[in-house]
Structure formats: structure tokens, C-alpha cells
Amino acid sequence: MRILAMVLGLIALAGAATLSSPSAVDEPGSSTLISVDPARQPLGCPGRLAIPVGAIVSGDAELDSGSTDVAYAITPDGEMLEGDLGGAAVEDSQAVAVERIGSGDIAGLAGLGCAAPERDQWLVGGSTALGASARLVLTNPTASAVRVHVDIHGPVGIADESPSVLVGPGGQEAILLEAIAPDLPAVAIHVRAEGVGISAALQDSRLDGFTAAGTDWIVAGPAATELTVPIAGPATASAPATLSLLAPDGAQASITLLTADGTQAWLDEDELELEPGVLADLRLPDVGLAAVRIEATEPVVAGLRATVARESAVGQDAVALDHAFTAGQVTGDVRERAVVVPEGDITLVAAGGDGTLVLDAGGETVEIAVTADTVASLALDFPPGTVLASDQPFSWALLLEDEQAGFLTTIEPVVTELEAREVEVGIGAYPAAP
Amino acid sequence: MSPARIVVRAIVVSDGRSPHLAATLDGVLTQDPIPDHVHLAITSPVESPPGGWDPRILVEQVEAADFGAAVSAILDRHAGPGSELLWTLHDDTAPMPGALAALAATARKRQLAGVVGAAHVRWDAPDRLLSLGTTTTAVGARRMAMVERDDVDQGQYADRDDVLAVSVGGSLVRRELWELLGGLDTGAEGWGSSLDFCRRAWRAGFDVVAVPRARIRHSQERLEGRRGGSGGGPRATYGARRASEWFHAQAFAPWWAVPLLGLWALASSAGRALLRIAQNEPRLLLADLLVPWRLLAAAPRLPRARRGIRRAGRSTAAERRLLATPRQVARHVRSLEWGVRSRRQADDAPSDVVRAELAAIGRRRRLLLTALGIALAAFSIALHPTWLSGLLSGRMLAGSALGVSDLALGDLWDRALTGWTDQAFGAPAIDASLASLLVPFAAAPGGLALWLGLVLLFAPLLAGLAAWAAIGAVTRSLPVRALASAAYAVWPMAIESAAAGRVAAVIVHVVAPLAVLALVRAGGWQRGEVLADGSEHGTAPRPSRSAAAGAGAAMAVIAAAVPVLAVVAVPVLIVVGAGAGRARWRIWGASVPMLVVSGAGALAAIRSGSVADAWAILTREPGPSAAAQPLSAAELLLGGIGDAGSVPTLLDAAVRALPVAILVAAGVAAVVGRRRLLTGLALVTAAGSLVLGVAVQSVSLSPDAGAGGTQANGWYGPALSAVVLVLVVVAAAAVSPTPQQARDADGTRGAVGQPPAPARGRGGPMRLAAGLGVVVAGVVVAGAATGLAWPGREAAGDVEPVETDVLPLVAALEQQAELRQRVLVVDETESGVTYTVLGTDGSEILSTAGTLVDQDLPAVRLPEALPVAGPAVLGDVVGSLVLGGTSDVDDLARWGIGVIVAAPGADQVADVLAQNAALRLMGSADRGTSWRIGAAEGDDRVSVATFVEEGRSQPVPMGRSALEWTVPGEGTLTLAVAYDGAWRATVDGEEVAGVPDEHGRQTFVLASGGDVHVEYDDREYRVWFWASVAVVLWSLLAAIPLPSRRARREEW
């Protein structure tokens, strides 16, 4: 009896030990994905162009760095921000800022669509090499201070120093990147902001000796596996165009040059190997008005610098340049995008689709036929302030030219749709684990 | 006044129920000189002896209810001079030869002696004194015999003469005194009537004298309860005697002191009741509780008694001189207590040799225990090096599962008392669970944060000491005892429980060994020390009532902490009790506290109506819970040891070998051990616990953060603590030290344990194997402890000391304001944001967990329960807020949330909230940035209670679970708590029904203004709560090993 009890006990324990683990219970209520349309924040316009360090004031209009022939307009009007950078906050879903400087070191046309604050953005283009200046203007049109981290990527990867600045509510900060990461012939800037985000724009100004070599604003462009840069030309030997590409996590990319007549052969190899975080610079072949299509295995960001040459005011042989930066747009993007027509001669350039792009122009419609693998252009004549808007799957931008002066700039549409933001929301104890 | 010859009239009163009547009469008739008259007063028919009554006896039937009345009846029939001496005798008081002569001599000598009393001795042992004079205190509520009971009469009282009182039974009483005082007073049902009579005699100008030489055998039929009673001994008559003492006090007190004495009697009865619980004297407890009522019943007889005293005369200096002084009282009580002690000591007094041997063993035991304690304390501190300094510097332990640990005593008590948990928007609780267990900690100086922190920190030490005590009951082999306790103390799963803040599991790990110890002692199964001659010291340990009560208390604590363990514990108690022989009722009774504590849960499970819900209720975790990877039974038995981190391979192997070693030791012990039946039962218990450990893992627990919060699965730790405890006890129980070792009891050589039975036959090899086993086990335990405390080891939990102030001060102040607000805290994580709704400074999980079943239904309201609203309803609003959406903060205000706090480091959240126009910045601090919803004061202030009158809303002050306010007029009173039927409101005393609104809040539609009183009033909960408190306190009190001096010898 006693031994039996002991044996039974052993058997019971051994039997219990064979039980397998129960299946894990799912944990309902641990967290839910919440999607919210955020409040519309004002757009941030960066303000006036600034002459890079070393401005010369001689009294001679041809030698002076500055200029008296300056026109600056923000359409529609915005509220001027604090500080001396001249930026503005515009309570609208789209706005355009264009500055024309007739002479001096930064002579040229520079325009951009003012951007809404973003938390994470890439600005591709610019240079910190000798004779070039890259001035990052961070505009905070919102009511709270925002801390911003800036990573500078160059042809050898990310720069050692990554500045971080606090931008006060309604404030602006300008960072001269050549002071942080000098001698980079081409850069891509990764701007990360907390909270509601920051509006970032990069002023790229170049000087070839005493001759202006172009000034423009570089705006943020998306990271995607398929991008189209709608304005990629014209390019000539004296006025080249350069495509800058960067894959944050590395990618293999194939690049196609789209002209009015179809694709044009360009690179020898089909695939371009992009190392993570390293900027690749590609010079475009001679071409007229063109666009560039990029297809990559991983998301890439792209920007294109197109130049236009003019006679230099300094000497007979010298050629002065103005340039325009155009960021890549997601191919087939169907989000509502809009641009405000500025003063001047404008041309609508569209690519990256097949069919007719129909734009709403303040009640009227503008139609432009785009066939696959081509770029199409259409001169527009709308009064300044007209809003052009579309949600059709084309990549498009406005080319603003002053042919007489030999200036140009491009203005890309901004996304006016408020993107639903998503966040995982869970209930947790507080304080959480220290 | 003094005639030449004294006439003695002996009156023997009998009710025919004493077997000693014949002996009594014989004693009277054999006196020399014989009394002049011998009367036998019979109050009920008595059969005459076979040869008829002795012709010298005048047998008379009298109608009398008591002794005094019978004597008076005889005196009425037979006139006589006042100087006549009455020898009043009971039928159980047989005078010994010479008694009357001695008494009469004194009566003759002492002219004023009204009462001349004899020494009463034991009937069966005439050399043992029972009584020789009685006295009382100045108050009169304590009657004291002036000899120690059973004292050997060696003539030490030979010079005693004047005393306050003697027993009238067996005394010579002057007839004139008897007639003057009107006989005995029967107000106190006969008890104390001698004292009353003698005191009156003093007042009437007579003396009361004791005569030690006159001895009367007294069988104390009435005191022992044999006279028509149950025969239950002095216990049976205790209540009546105690009441008579108070009656006496009241009778002799000034008139104004009578009610005061009544109150005193009440207080004394309550105090003595507690003592009786501690002494495990339920019968005396009842008697003591009844004393005030007996006194009340005797009140109508009090005026007569007082009249009698007044008639006798005023108090005299002679009487007062004989009253007991406080010093005498103290000496009396002390001698009683010492008497009990010395009798107990004498009962098992070992010889000097044995005593020396025990002292040597005791020295070694204390040495080893000290070493073990120091080692385990060092191990505890090494496990969590930051905890001790943090706790001592006033910080508290906090963790994601634990929440904050500095709960306020008031909140904790309110939670325990009302059953309303403050979890998020509130919910009804099944029982008080951890809240009641933690109240003593919170009440201690330093508060809950310190004491709970120390318990969690020193859990291995506490568990080790508890295990040492428990294992000491099953083996006296010191090395085995130390090893087994250490193995239990460093059990990895328990260490994980403490590190993760699973308080309930830690409590079980610490208390379970005490339950085992108490159970073993309750059954009298503990082992005695093995002496040099191979015998066990104290071979016949007695079952202990106190231990049974202790087992009950320990089990109740375990059941409160981890209710599901009752599922195993109750059957074990039933089986163990069945095998406990005479102690069976005590063992079975030990399950009562646990059953009462689990009662509410069991009832809720039965009512729930579905097996799944019932199981979820039984397996609920009242303490903090956290998700754990489900493990199979085999993995559990192997300790569920996860990734080690950077621990040297050898040490990690030792950690993993510890559970294996325990299993092997238990297995071997089961096979070679002696107590096979108990071993079998223990192993079945372990198997049951293991099954429980596997089964609970698949249970989704009540969300700790409130309805809609994250659910965890059941934790196997407590069940495995039970398994390991059983295994180490089984392993240790098979070993007992051999006499040879005991001979080396000088403490210089470590003894080596071994299984005794085989050792006798086979000697050497077995000893060697056992010794080797102990050495290996020692290495494994030490290695495991080192491996577990290794600095590079991966943390088993996230509990850390943090500042006790969690929220920014501005936010915390709003929680304590009269117009109370809740605080919403938003924090960022890697994957998104988390939020918490706080009614107090930090998440209070300790007191709130374990109240809901699936779909957020309150377990205690099943089956017709409405889901309670919880913080999950705020998910959309919070998501929208942190994304910069334009959602309405009214959703937050609705639940009384007046403050939003962005946790420190949640910069993105803070930036977004700063943009929100509906929020006003209150301040930014180290502990986060706070924004206010609504106004700081005025009607727009957010509050947990609001009153809406004709569309105008105003905040209402409210406490944690109650509200008092004056309502201006008709309107709706809304509490920002989840609706529950137990919320009750009255307006000017009239009850108003509560209804849920569309958001699930508690509202009361008030038809008119007036004083409104709202409170959470769950009556059924309160009944269970108080029953649990009472039964656990009773058990704890009864567990105090306080022997009753009335206990019979076999019960010590």
C-alpha cells in the first residue's frame, strides 16, 4: 500500500511532466493602429536668397556681389516670420516664392513651392566644394519649437558631423553646410525633425571666379523605388545637367532619359549600383528638354541640376550660368498636387505617364498629352496666383524662364492632400520600465 | 455570649447527584466529638443506602433551589440559640478526621469568628491543597484562591488565620450570623456566594478565620461540571464563574460605579476573547464573550444583593486590609503562569547528558543558519545591486508589470474595504486580494514602497529562511537542511518573479514553506533531534493547535495571492487530515481560512455560468501580471531558464543543473525514503501543481491597466514554487543524521547526511554515496547561486528603483484637488505610443489587478454583466492627438481627464501637443510636460464628477469611492467611472437609481435638489471582506503558540 502510493506519486509526476506547452494566447488590446488626418500646418517659405560668405561691395555693379536688381514675391502672401531671413508662413495649401536677382554673385531666378513641415525629408543637390555654397534654411511655421537633425551625405557617404538645431516656433535657422562638411562636390541632405516637422529648403549658389554660376532653391523630394524627374535639360557641353542619386539603404537602379521623342540611350551599363548613403552624380548627355526615369530595387532619392548659359558680364570668354534643381517625383503618384503660377514665362513640363494630364487652373482646365517614355511641354499663360492642381499619375513641374536674362528655375508642385498619419497606440503602465 | 459548651449542628445538603454523599456522611459521623445534630437536607429524592440511613442522621426533604436555601430551611424547622455553630457541608465535601475538633477549637478561641473555614484538599490526594481562604481585589472582579492549586500541604500555611473569605462549605458558621445575614446570596447562581457571605460577615462585625489544620476533602463536583452538567471540567463552568466575579464587583461597588463596571466587563470580555483565540480555546472564547450577557441577565438580582450588603454594615478597615493588593494579584497571576511552564518543562525534562548534546546541536544549527542567512542576504543584494541603496534612499521599485509601489495607505484601505478598484475608469473587484495583504506593509513606517521593495529584494533570503524552518520539521540533518533551503531560495523562476515584480508569486514562494511547516507541526509529524544513542529527542511530538491555525493563516495568504492554488491545497488538506488521526479536525479546519478567502472568487466562478469564465476567475492573478512564453511541463520542471547573457559556461551549467539536481534528489529520496505514503501524497501534490502550472499559461488574464488594456497570460511561477517546495521536502525528509555524527557534536566537523534505513544494513558504500551526493548538491547550489547573481546575466525583469514622484507636480496636484481630475500620460515607444489614464501618481497595479474576464466583463457581476469602459475607448483620441489631428478633447474630459502629460523623452508627442489649440500648457518639467484640458477653475473645469443642470455643467468634488454634495436642483450627476450597480446615491436620504449613460459612465438622474450622498456600496463584497479579515486575523492570533493554563496535559 505504502509502496504503491509512492509509485503512484512518481507516476503522476512523470505523467504531468509530459504535458506540452499550451499555445500562446493572443493579447487583445495590446495596441491598435490609429490613422489620423493631421491638422493642416502653415507652409514655410524660406525667405530671401543670401550671398554666401565673402560678399564684395565695390560700388561697381558688375563686380559687386550684391545687386540692386532684385524682385521677390511670395504668392499668396504669408505672414513674415521672426528673424532676418525673411521667411514667411503661408496659411494655404500651396504657395510659391520666386526671387529674381539681376546681377551679382547670385544672379538668377530661384523659385520654389513653399513646403509644409515634414518630419523626414531628403534634399538632393547642392555642393560644398570651392566656389559653391549650400545654405540650408529651416523654417518652422508652427507654434512649437522643433529640434532638427541634419545629416550630410556626399560622394563618400555620410559626413562626420551631423548638426542639430532647435528652431523656435515661427522661427528660422540657416546652416551653411560648407562650414560643416566642406569640399563635397555634391551633397544630399537628410533632414529629420521631431514633432510636427520642419520646412527645409537648400539654397545652392555657385560662383565661377567672378562669374555667377547659378543659384536656386533645392526642395525636398520623396524616397521611392520609382522616380521621375520631370525636368532634366536641356543639357549642353557648356551648360551641363547633372543627376544626383542616393539610396539610403543601397540599391540597384536603372536610369532612362526621356526626351520629347522617346527614350535616349545614355549610360553604358543597364544597372547602376548605389552604395548605402553614398551620393552618385551622373552627368546627362547633351539633350534638349528631357526627363529622367529611375527604377530601383530599394527606395532612392534623386535631384537634377539643369543649367542654362549666358554671356558673362565680366569678360568676353566667360560664360555665366544659372541653374535649376528639380527633385524626383514618385512615378504614377496620384496624390493631389498643386502649384501656384508665379510671374514670368512658364512652361508646364510633364512626363512619367501615358495619356492626357489634365490640370485644374482656377476653374479652367489645362490639358497636355503625354505619351509613354516621352516628356511633353506646354507654355502656359495664366495670371500669377492661379493654382494649377491635379491628382493624375504624371510627374510634372513648371519651368520658369527669363530667356532674355538667361535665367531659369523650376517649381515643383507640392502635395496638398493631407496624408493620413498612422501610429501604433497601446495602453501601458506608467512609469514604463526605467 | 459564650456558653460553656458549643453546640454544633452539621447540615449536609445533597441534591442526590454526588457519588460522594456516603463518604461525606461517614466523614461527619466519624468526627470526634461528633456534631450534636446531623441533618441531611435533601433537595431532590435520594435513595437511601442499602442498610438505611444511619439513625444519627436526621434526613429531611426540603424545598430549596440551592445550598443556602436548604440550610435556611433546616434552620427554620429546628430552632436553636444564636451561639449554635452550623457546620454546613456539601455532599462532595468529606471532613477528614479531626476537622471538626480543629474548627470548634478555633471557634471557641475566636469569640468574634462568625465563619471558621477549613482547608479544602483534593478528594483523591488529601496532601494537595485546593483552597485555604479566598480573597478578591478592591474592585472585586477577580476571585483569588490564597493557595496555589495542587500545592503540597507541608504546613506552610499553618499560621494563617484571618482571611477575607473561606468556603462556606465545610465551615462552622455562627447561627446568629447566618440569620443576621439572611443566609447566602444567590444572585450569582451560587458562584462566589461564600466570598459574598464572608465579606458581609466582616461588615457585620464578625471575623472570618481559616483553620489550616482542619482539612476537608472536596471533589468539586460543581466546579468540574459533573453536577448535572456536561462533565466538561472547569472550562464548562468558567463563564458562570467569571460572570459571578463581575456580579460580586458590582454588588460591592458604589452605585455610580455599577454601569462602569458593566462596561469594564464588556471590554475585559473582548480582551480575554482575543487571548482565548491565541490560546486556541474556542470554548473559553465563547464563555468569555457571554460574560457580559450573563452579567446583564443577573442584573435584576443585583439590587437584592446590594441591599443585603448594605444591611450587613459598612466596609471596615479589617475587611479592606484583607483585600488583595495589586502586588498580590501580580504574584498570583505569575505563579499561575510559572506553574504551567514548570509543569510543561518538568514533563519533558531531558537528562543533563541529553541537554548538553542538544545544546551542541543547537550551537551548530545556529551557526549554520547564520551562515546561510548571510549567504542568502548577500545573494539577494547581488541579484539586484541597485535596489537596496535605491530603497534606502527613499525611492520605490517600479516596473512595467509592477507599476508603482508607493501606494498610499488610505487608497489601499479604501480599495480593500469597498471593493472598488481604481484601475483606469474603475471596476468592481471580486475580493480584496493583494490590497488587504499589503495594508500592513503600507501602514508600517516607511510605507509600502520600502517594505514591499525589501520583500522583493530579500525574497531569496526570506524564502530560504522559511524553507529552513519547514525542512527542519522533516529532517534534522543540518547539511541537508541548509542545502535544501538554499536550493529552494535560489529557484530561478522565483527570482524571475521578483525581478519582474510579480508580487503574488513572491508572496507564495515565501509563505508556502511556512504553510508546510505549520501543517507538519499541526499533525505532530515533525522530527526530533537524533541523539547519540540513536533515539530521537521528543519522540512523541504532539499535534499543535497553534500550528494548525498557522497553517490556516498561511494558506489563506497563499489563496489571496494566487487563488488557483486552493484547487490543489484543499484536496491535499482533506487527504492529510484524513490521515492525521486525532488531529484531523484541526487539519481540516486549517482549510477554513483559505476557503473563506477564496469564497467570493469561488462563488463568482460558480455564478459565471460558463466554464471558460469560471476557469478565468479561478486562475486570476490579483498581483501584477505580464506576458510569458508558454512552456511545457518538462521545461517548467527544468526551471524555465532562458537566455543567460554573458555568464561563464560552467556557472550557467550549474544554474541549469539545479532543477535537475532537485528532481534527482527527490526521485532517489522517494525510492529509498521511509515515509512512502506521505511521499506518494507529496508527489501527487507536485504533479497537481505542475498540471496547474501548465494549464494557467493558456489563460488570458484581466488587463492590469484596466478594461481594454493589454492582457497577459497566467504565470506558472507560484505553481512551480509549490512543486519545488514539495520536491525539496521529499528529498530532505528521507535523510536523517546518524547517531555517530551526533557524537561529533562539537561543531568542528561537518556532519554528512544519509538515508538512515539502508545505512544500518549496508554501512560504508551508502554513506559514501550519500556524502558524495551532498557535496555534489552543494557545488551545484553554490554554482547556481553564483551564476544567477553573475553581473553579466541578462536581467530577468525590468523592476528598478525610481523616484516615488512619477508625474509632474502640476499634474499630480490636480489628482489630489477637491475637484479631482485624472491624468492622461502619453509616452513614446519604438513602435508607437503608449498611454495610461492615472487617478493617482503612477500606475497602481498592485491593488487593482485581476477583476475582469474576457471582453472586459467584471468577473463578480457575471453572468449578467455589462462590459466596463476602459482606457481603450480613448485609443482613437490619443492616436489623433499625437498625430496632430483635430479630434475633440471632450472625449478625454468626459472621463475626468483634466491633464495630459507627455512623458520625458516623448519629444515628438510634446511637440504635437504643443500645437493643439484645445490644450493649455501647464508647465514643463523633468517629469514631463503637462497640458490642461478645460479651465483651471470654474464651471469649465474638468472633474471626475459633474452635475448638469439645464445644459449647464459644473464640476463636483468627489473622493475615491464616495461623494457628498449639495445639489442645487433637478439635473444629472455623472461620475467619470465605469457603470456598476453597486454605486448608490441618496438625495436627502431618498435612494436614486443609477443608470449607465451612452459612454458607459455612472449617472444619477436627480429629480430635485438636496444633499446628495453617493458611494460605492457592494454589500456582498463587504461581507466576504470582513469574513476574510476576521478569519485570517483569528488564524494569525490563534497561531501564536500561547498555551492555555486550563489546557489538559495531553494538549500542551
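The analysis underlying the following values was restricted to heavy atoms, covering all of them including side chains, and did not include hydrogens, waters or symmetry mates. In what follows, every chain begins at residue 1, and chains take the letters A, B, ... in the order their sequences are listed.
- With values rounded to the nearest 0.5 angstrom, A:Tyr430 atom OH is found 11.5 Å from B:Leu824 atom CG.
- If you measure heavy-atom distances from B:Val404 to chain A, the contacts under 4.5 Å come from the side chain alone.
- Note that CD1 of A:Ile11 is 11.0 Å distant from CG of B:Leu683, once rounded to the nearest 0.5 Å.
- For A:Ser20 (side chain) and B:Ser632 (main-chain N/O), no donor-acceptor pair under 3.5 Å exists by modelled atom type.
- Counting heavy-atom pairs closer than 4.5 Å to chain A, the top-ranked of the candidates B:Gly842, B:Ala670, B:Ala910, B:Ala914 is B:Ala670.
- When all heavy atoms of B:Ala398 and A:Pro431 are compared, the closest pair comes out as CB-CG, 4.3 Å.
- Only the side chain of A:Gln41 has a heavy atom closer than 4.5 Å to any heavy atom of chain B.
- Both the backbone and the side chain of B:Val882 come within less than 4.5 Å of a heavy atom in chain A.
- Within 6.0 Å of the CG atom in A:Leu33, the count of heavy atoms belonging to other residues, nucleotides or ligands exceeds 12.
- Side-chain contact between A:Ser21 and B:Val694 is absent, with no heavy atoms from C-beta onward closer than 4.5 Å.
- Between B:Ser698 and A:Pro22, the closest heavy-atom pair is CB-CB, 3.6 Å.
- In this structure, the portion of B:Leu727 lying under 4.5 Å from any heavy atom of chain A is its side chain and not its backbone.
- In terms of heavy-atom pairs under 4.5 angstrom with chain A, the leader among B:Leu402, B:Val684, B:Val806 is B:Val806.
- Contact count versus chain B (heavy atoms, under 4.5 Å) is highest, among A:Gly428, A:Ala143, A:Gly15, A:Ala12, for A:Gly428.
- Taking CG of A:Leu13 as the reference point, atom CG of B:Leu663 lies at 7.0 Å (rounded to 0.5 Å).
- Chain A forms the most heavy-atom pairs under 4.5 Å with one residue out of B:Ala695, B:Pro871, B:Ala628, B:Ser689, and that residue is B:Pro871.
- Looking at A:Ala14, neither its backbone nor its side chain comes within 4.5 Å of chain B, counting heavy atoms on both sides.
- In this structure, CD in B:Gln697 is found 10.0 Å from CG in A:Leu19, a value given to the nearest 0.5 Å.
- For B:Leu883, the parts lying under 4.5 angstrom from a heavy atom of chain A are both the backbone and the side chain.
- When all heavy atoms are compared, the tightest approach of A:Ala429 to B:Ile845 is CB-CD1, 4.0 Å.
- With chain A as partner, the option from B:Val691, B:Val825, B:Leu838 having the largest number of non-hydrogen pairs under 4.5 angstrom is B:Val825.
- Of the possible polar contacts, none joining the B:Thr834 side chain to the A:Ile427 backbone as a donor-acceptor pair under 3.5 Å is found.
- Here B:Leu677 contributes atom CG and A:Met6 contributes atom CE; the two are 11.0 Å apart, rounded to the nearest 0.5 Å.
- A:Glu79 CD: 12 or fewer foreign heavy atoms inside a 6.0 Å radius.
- Partners of B:Trp387 by ring pair (Phe, Tyr, Trp, His ring centres under 6.0 Å), not counting sequence neighbours, listed by chain and number: B:His384.
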